[in-house]
Amino acid sequence: MATYREASLPTGKFIDPTPAPAESAHPEVGATSAPLKSAAFFIGAYCKDYNEDFMLCKNENNDPAHCLKEGRKVTRCAMDLITKLRENCEKEWEAHYTCLEKHNQEYYACRKPERTLNECVFSKLKLEKVIPEASGTPIHLREKTIYN
Amino acid sequence: MSAPAPQQELPRPGGFPEIRYKRYVPKIGPSGLVLFSGITLMCTLGLIRVGQGNLERRELEREKVWSRIHLIPMLQAEADRDTYRRELAAKEREAEIMKDVKGWKAGESVYNSDRYTTKSYVVVP
(Lines give C-alpha, C1' and ligand atoms only; values in the text may rest on other atoms or scores of the structure.)
Protein backbone atom coordinates (compact mmCIF):
# COMPACT_ATOMS: atom_id res chain seq x y z
CA MET A 1 0.00 0.00 0.00
CA ALA A 2 1.30 3.43 -0.88
CA THR A 3 1.87 5.85 1.95
CA TYR A 4 -0.64 8.62 2.33
CA ARG A 5 0.65 12.05 1.55
CA GLU A 6 -1.35 15.21 1.69
CA ALA A 7 -1.45 17.34 -1.39
CA SER A 8 0.28 20.54 -0.36
CA LEU A 9 0.24 23.68 -2.46
CA PRO A 10 2.31 26.81 -1.85
CA THR A 11 -0.90 28.41 -0.62
CA GLY A 12 -1.63 25.66 1.88
CA LYS A 13 -3.20 22.24 2.08
CA PHE A 14 -5.16 21.20 -1.00
CA ILE A 15 -8.75 20.27 -0.24
CA ASP A 16 -10.63 19.04 -3.27
CA PRO A 17 -13.80 21.12 -3.53
CA THR A 18 -15.41 18.97 -6.24
CA PRO A 19 -18.79 17.67 -5.09
CA ALA A 20 -19.32 13.91 -5.01
CA PRO A 21 -20.58 12.41 -8.27
CA ALA A 22 -24.22 11.31 -8.20
CA GLU A 23 -23.38 7.59 -8.16
CA SER A 24 -21.31 7.83 -5.00
CA ALA A 25 -23.03 10.67 -3.13
CA HIS A 26 -24.30 9.56 0.23
CA PRO A 27 -24.61 11.23 3.64
CA GLU A 28 -21.97 10.09 6.10
CA VAL A 29 -22.36 8.77 9.63
CA GLY A 30 -20.61 11.80 11.10
CA ALA A 31 -20.03 10.33 14.57
CA THR A 32 -16.73 10.85 16.37
CA SER A 33 -14.50 8.06 17.63
CA ALA A 34 -15.83 7.64 21.18
CA PRO A 35 -19.52 7.15 20.25
CA LEU A 36 -18.42 4.77 17.50
CA LYS A 37 -16.22 2.79 19.86
CA SER A 38 -19.06 2.68 22.35
CA ALA A 39 -21.46 1.37 19.69
CA ALA A 40 -18.92 -0.82 17.88
CA PHE A 41 -20.16 -4.21 19.07
CA PHE A 42 -23.77 -3.26 18.38
CA ILE A 43 -22.85 -2.09 14.88
CA GLY A 44 -21.05 -5.40 14.42
CA ALA A 45 -24.10 -7.37 15.57
CA TYR A 46 -26.75 -5.27 13.83
CA CYS A 47 -24.97 -4.82 10.47
CA LYS A 48 -23.21 -8.18 10.31
CA ASP A 49 -24.60 -9.18 6.89
CA TYR A 50 -23.88 -5.84 5.23
CA ASN A 51 -20.41 -5.61 6.77
CA GLU A 52 -19.44 -9.10 5.68
CA ASP A 53 -20.82 -8.51 2.21
CA PHE A 54 -18.79 -5.31 1.93
CA MET A 55 -15.57 -6.92 3.15
CA LEU A 56 -16.00 -9.85 0.75
CA CYS A 57 -16.53 -7.36 -2.05
CA LYS A 58 -13.36 -5.50 -1.05
CA ASN A 59 -11.52 -8.78 -1.02
CA GLU A 60 -12.68 -9.33 -4.58
CA ASN A 61 -11.38 -5.99 -5.81
CA ASN A 62 -9.68 -3.22 -3.88
CA ASP A 63 -10.87 -0.51 -6.27
CA PRO A 64 -12.96 2.08 -4.37
CA ALA A 65 -15.33 2.22 -7.35
CA HIS A 66 -16.07 -1.50 -7.11
CA CYS A 67 -17.92 -1.60 -3.80
CA LEU A 68 -19.76 1.73 -3.70
CA LYS A 69 -23.18 0.08 -3.54
CA GLU A 70 -22.23 -2.28 -0.71
CA GLY A 71 -20.50 0.60 1.07
CA ARG A 72 -23.68 2.68 0.96
CA LYS A 73 -25.58 -0.20 2.53
CA VAL A 74 -22.99 -0.45 5.29
CA THR A 75 -23.20 3.27 6.02
CA ARG A 76 -27.01 3.26 5.92
CA CYS A 77 -27.10 0.36 8.35
CA ALA A 78 -24.70 2.09 10.76
CA MET A 79 -26.75 5.29 10.55
CA ASP A 80 -29.91 3.31 11.15
CA LEU A 81 -28.44 1.73 14.27
CA ILE A 82 -27.23 5.10 15.55
CA THR A 83 -30.71 6.60 15.15
CA LYS A 84 -32.16 3.62 17.01
CA LEU A 85 -29.60 4.01 19.78
CA ARG A 86 -30.46 7.68 20.07
CA GLU A 87 -34.17 6.93 20.19
CA ASN A 88 -33.95 4.15 22.76
CA CYS A 89 -30.84 4.48 24.91
CA GLU A 90 -29.56 7.98 24.35
CA LYS A 91 -28.87 8.70 28.04
CA GLU A 92 -26.95 5.46 28.67
CA TRP A 93 -25.05 5.74 25.41
CA GLU A 94 -24.01 9.30 26.13
CA ALA A 95 -22.89 8.32 29.63
CA HIS A 96 -20.73 5.56 28.20
CA TYR A 97 -19.09 7.55 25.44
CA THR A 98 -18.38 10.57 27.63
CA CYS A 99 -16.74 8.12 30.04
CA LEU A 100 -14.68 6.69 27.16
CA GLU A 101 -13.67 10.22 26.16
CA LYS A 102 -12.46 10.89 29.67
CA HIS A 103 -10.58 7.60 30.05
CA ASN A 104 -8.43 7.42 26.94
CA GLN A 105 -11.12 5.32 25.21
CA GLU A 106 -10.33 2.26 27.31
CA TYR A 107 -13.25 -0.09 27.80
CA TYR A 108 -12.00 -1.37 31.15
CA ALA A 109 -12.24 2.06 32.74
CA CYS A 110 -15.95 2.36 31.87
CA ARG A 111 -17.60 -0.91 32.85
CA LYS A 112 -20.38 0.64 34.92
CA PRO A 113 -21.90 2.84 32.20
CA GLU A 114 -21.19 0.04 29.73
CA ARG A 115 -23.31 -2.41 31.73
CA THR A 116 -26.29 -0.07 31.86
CA LEU A 117 -25.92 0.59 28.13
CA ASN A 118 -25.69 -3.12 27.33
CA GLU A 119 -28.77 -3.86 29.44
CA CYS A 120 -30.72 -1.08 27.77
CA VAL A 121 -29.71 -2.12 24.26
CA PHE A 122 -30.44 -5.76 25.00
CA SER A 123 -33.90 -5.04 26.38
CA LYS A 124 -34.91 -2.59 23.68
CA LEU A 125 -33.01 -3.55 20.54
CA LYS A 126 -32.25 -7.22 21.29
CA LEU A 127 -28.58 -6.71 20.49
CA GLU A 128 -25.89 -8.31 22.61
CA LYS A 129 -22.21 -7.56 22.96
CA VAL A 130 -20.33 -10.73 22.06
CA ILE A 131 -16.54 -10.94 21.92
CA PRO A 132 -15.61 -13.80 19.59
CA GLU A 133 -13.10 -16.40 20.78
CA ALA A 134 -13.05 -15.02 24.32
CA SER A 135 -11.63 -17.44 26.86
CA GLY A 136 -13.52 -17.90 30.13
CA THR A 137 -16.06 -15.30 31.16
CA PRO A 138 -16.08 -12.49 28.60
CA ILE A 139 -14.02 -9.63 29.96
CA HIS A 140 -16.94 -7.17 30.02
CA LEU A 141 -18.97 -9.49 32.29
CA ARG A 142 -16.29 -10.20 34.90
CA GLU A 143 -16.99 -8.87 38.35
CA LYS A 144 -13.43 -9.02 39.71
CA THR A 145 -10.73 -7.69 37.45
CA ILE A 146 -7.15 -6.65 37.93
CA TYR A 147 -7.38 -3.73 35.52
CA ASN A 148 -10.24 -1.43 36.41
CA MET B 1 73.36 -34.42 94.29
CA SER B 2 70.21 -34.98 92.50
CA ALA B 3 68.49 -32.57 90.08
CA PRO B 4 65.10 -31.26 91.13
CA ALA B 5 62.19 -33.12 89.55
CA PRO B 6 60.93 -31.41 86.37
CA GLN B 7 57.77 -29.39 86.94
CA GLN B 8 55.14 -29.00 84.19
CA GLU B 9 53.77 -25.57 83.60
CA LEU B 10 50.12 -25.57 84.62
CA PRO B 11 47.22 -23.12 84.61
CA ARG B 12 46.82 -20.99 87.55
CA PRO B 13 44.80 -22.47 90.29
CA GLY B 14 41.07 -22.16 89.42
CA GLY B 15 41.73 -22.04 85.65
CA PHE B 16 41.84 -19.23 83.11
CA PRO B 17 38.72 -17.09 82.60
CA GLU B 18 36.65 -17.62 79.42
CA ILE B 19 37.93 -15.74 76.36
CA ARG B 20 35.17 -13.44 74.95
CA TYR B 21 35.39 -14.13 71.27
CA LYS B 22 31.53 -13.79 70.64
CA ARG B 23 29.55 -10.61 70.46
CA TYR B 24 26.93 -10.71 73.13
CA VAL B 25 24.13 -8.93 71.14
CA PRO B 26 20.54 -9.91 71.78
CA LYS B 27 18.84 -11.60 68.74
CA ILE B 28 16.12 -9.37 67.32
CA GLY B 29 13.71 -9.74 64.39
CA PRO B 30 12.48 -12.80 62.57
CA SER B 31 14.84 -15.63 61.79
CA GLY B 32 16.50 -16.15 58.42
CA LEU B 33 14.16 -18.98 57.56
CA VAL B 34 11.11 -16.78 58.15
CA LEU B 35 12.59 -13.93 56.08
CA PHE B 36 13.54 -16.23 53.21
CA SER B 37 10.22 -18.02 53.07
CA GLY B 38 8.32 -14.75 53.47
CA ILE B 39 10.11 -13.17 50.53
CA THR B 40 9.55 -16.29 48.43
CA LEU B 41 5.84 -16.22 49.26
CA MET B 42 5.55 -12.55 48.37
CA CYS B 43 7.33 -13.04 45.04
CA THR B 44 5.16 -16.04 44.20
CA LEU B 45 1.92 -14.20 44.93
CA GLY B 46 3.11 -11.19 42.97
CA LEU B 47 4.09 -13.29 39.98
CA ILE B 48 0.74 -15.09 40.07
CA ARG B 49 -1.00 -11.74 39.95
CA VAL B 50 1.21 -10.59 37.08
CA GLY B 51 0.25 -13.76 35.20
CA GLN B 52 -3.44 -13.17 35.82
CA GLY B 53 -3.00 -9.58 34.69
CA ASN B 54 -1.32 -10.76 31.48
CA LEU B 55 -4.23 -13.09 30.73
CA GLU B 56 -6.68 -10.32 31.45
CA ARG B 57 -4.77 -7.87 29.27
CA ARG B 58 -4.96 -10.36 26.44
CA GLU B 59 -8.76 -10.39 26.77
CA LEU B 60 -8.86 -6.60 26.89
CA GLU B 61 -6.77 -6.49 23.75
CA ARG B 62 -9.13 -8.95 22.08
CA GLU B 63 -12.07 -6.74 23.00
CA LYS B 64 -10.35 -3.67 21.57
CA VAL B 65 -9.36 -5.39 18.35
CA TRP B 66 -12.87 -6.72 17.78
CA SER B 67 -14.37 -3.30 18.38
CA ARG B 68 -12.11 -2.03 15.60
CA ILE B 69 -12.91 -4.96 13.32
CA HIS B 70 -16.61 -4.16 13.68
CA LEU B 71 -16.01 -0.55 12.68
CA ILE B 72 -13.70 -1.15 9.72
CA PRO B 73 -16.37 -1.71 7.02
CA MET B 74 -18.16 1.52 7.89
CA LEU B 75 -14.96 3.60 7.97
CA GLN B 76 -13.63 1.95 4.81
CA ALA B 77 -16.90 2.63 2.97
CA GLU B 78 -16.67 6.30 3.92
CA ALA B 79 -13.02 6.51 2.87
CA ASP B 80 -13.77 4.74 -0.41
CA ARG B 81 -16.46 7.24 -1.36
CA ASP B 82 -14.07 10.10 -0.67
CA THR B 83 -11.21 8.49 -2.60
CA TYR B 84 -13.54 7.78 -5.53
CA ARG B 85 -14.69 11.41 -5.60
CA ARG B 86 -11.15 12.77 -5.45
CA GLU B 87 -9.82 10.38 -8.06
CA LEU B 88 -12.60 11.26 -10.50
CA ALA B 89 -11.95 14.97 -9.96
CA ALA B 90 -8.19 14.49 -10.46
CA LYS B 91 -8.83 12.53 -13.64
CA GLU B 92 -11.05 15.29 -15.01
CA ARG B 93 -8.43 17.91 -14.23
CA GLU B 94 -5.76 15.82 -15.87
CA ALA B 95 -7.90 15.46 -19.02
CA GLU B 96 -8.42 19.23 -19.07
CA ILE B 97 -4.70 19.98 -18.66
CA MET B 98 -3.53 17.41 -21.23
CA LYS B 99 -6.30 17.89 -23.80
CA ASP B 100 -3.83 19.21 -26.43
CA VAL B 101 -1.48 16.21 -26.15
CA LYS B 102 -2.34 13.59 -28.73
CA GLY B 103 -2.87 10.05 -27.51
CA TRP B 104 -2.85 10.97 -23.83
CA LYS B 105 -5.16 8.86 -21.70
CA ALA B 106 -6.15 10.61 -18.50
CA GLY B 107 -6.01 8.51 -15.37
CA GLU B 108 -4.17 5.67 -17.06
CA SER B 109 -2.35 3.30 -14.74
CA VAL B 110 1.43 3.27 -14.93
CA TYR B 111 1.33 -0.51 -14.52
CA ASN B 112 0.51 -2.99 -17.26
CA SER B 113 -2.27 -4.49 -15.19
CA ASP B 114 -5.95 -4.01 -14.42
CA ARG B 115 -5.38 -4.39 -10.70
CA TYR B 116 -6.29 -1.28 -8.74
CA THR B 117 -3.36 0.56 -7.22
CA THR B 118 -3.53 3.65 -5.06
CA LYS B 119 -2.47 6.69 -7.03
CA SER B 120 1.08 7.77 -6.34
CA TYR B 121 0.40 11.39 -7.30
CA VAL B 122 -2.51 13.81 -7.27
CA VAL B 123 -3.25 16.27 -10.06
CA VAL B 124 -3.99 19.58 -8.42
CA PRO B 125 -5.24 22.67 -10.25
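Proteins get letters first, then strands, A, B, ... in listed order; numbering begins at 1 in each.
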Check each atom of A/Pro132 against the heavy atoms of chain B and say whether the ones under 4.5 Å are side chain, backbone, both or neither.
both
Tell me yes or no: between the side chains of A/Thr75 and B/Glu78, is some donor less than 3.5 Å from an acceptor?
no
Which region of A/Arg142, side chain (C-beta onward) or backbone (N, CA, C, O), has a non-hydrogen atom less than 4.5 Å from a non-hydrogen atom of chain B, or is it both or neither?
side chain
Greatest number of heavy atom pairs closer than 4.5 Å to chain B - which of A/His140, A/Lys58, A/Lys48
A/Lys58
For A/Lys129, which atoms come within 4.5 Å of any heavy atom of chain B: side chain, backbone, both, or neither?
side chain
Do A/Thr145 and B/Glu56 have side chains that approach each other closer than 4.5 Å (heavy atoms only, starting at C-beta)?
yes
B/Gln76, part contacting chain A, at a heavy-atom distance under 4.5 Å
both
Max heavy-atom pair count under 4.5 Å with chain B, selected residue of A/Pro17, A/Ala40, A/Gly136:
A/Ala40
So which part of A/Glu133 gets closer than 4.5 Å to some heavy atom of chain B, the side chain, the backbone, both or neither?
both
Measure A/Tyr147 against the heavy atoms of chain B and call it side chain, backbone, both or neither at under 4.5 Å.
both
Do you know which of A/Phe42, A/Tyr50, A/Phe41 has the most heavy-atom pairs with chain B at a distance under 4.5 angstrom?
A/Phe41
Using a 4.5 angstrom heavy-atom cutoff, name the option from A/Val74, A/Leu36, A/Asp63 with the most pairs to chain B.
A/Asp63
Check this for me: B/Ile19, atom CD1, are more than 12 non-hydrogen atoms of other residues, nucleotides or ligands nearer than 6.0 Å?
no
Minimal non-hydrogen separation, A/Val29 against A/Ala78, with atom names
CG2-CB, 4.2 Å
Proximity breakdown for B/Arg93 and chain A, heavy-atom pairs closer than 4.5 Å
side chain
Donor-acceptor under 3.5 Å (B/Arg85 side chain, A/Asp16 main chain):
yes
If you measure only the distance, is there a donor-acceptor pair under 3.5 Å linking the side chains of A/Tyr46 and A/Lys84?
yes
Check the side chains of B/Glu94 and B/Trp104 for a donor-acceptor pair under 3.5 angstrom, ignoring hydrogens and angles.
yes
What I'd like to find out is whether the side chain of A/Tyr107 reaches to under 4.5 Å of the side chain of A/Glu114, using heavy atoms alone.
yes
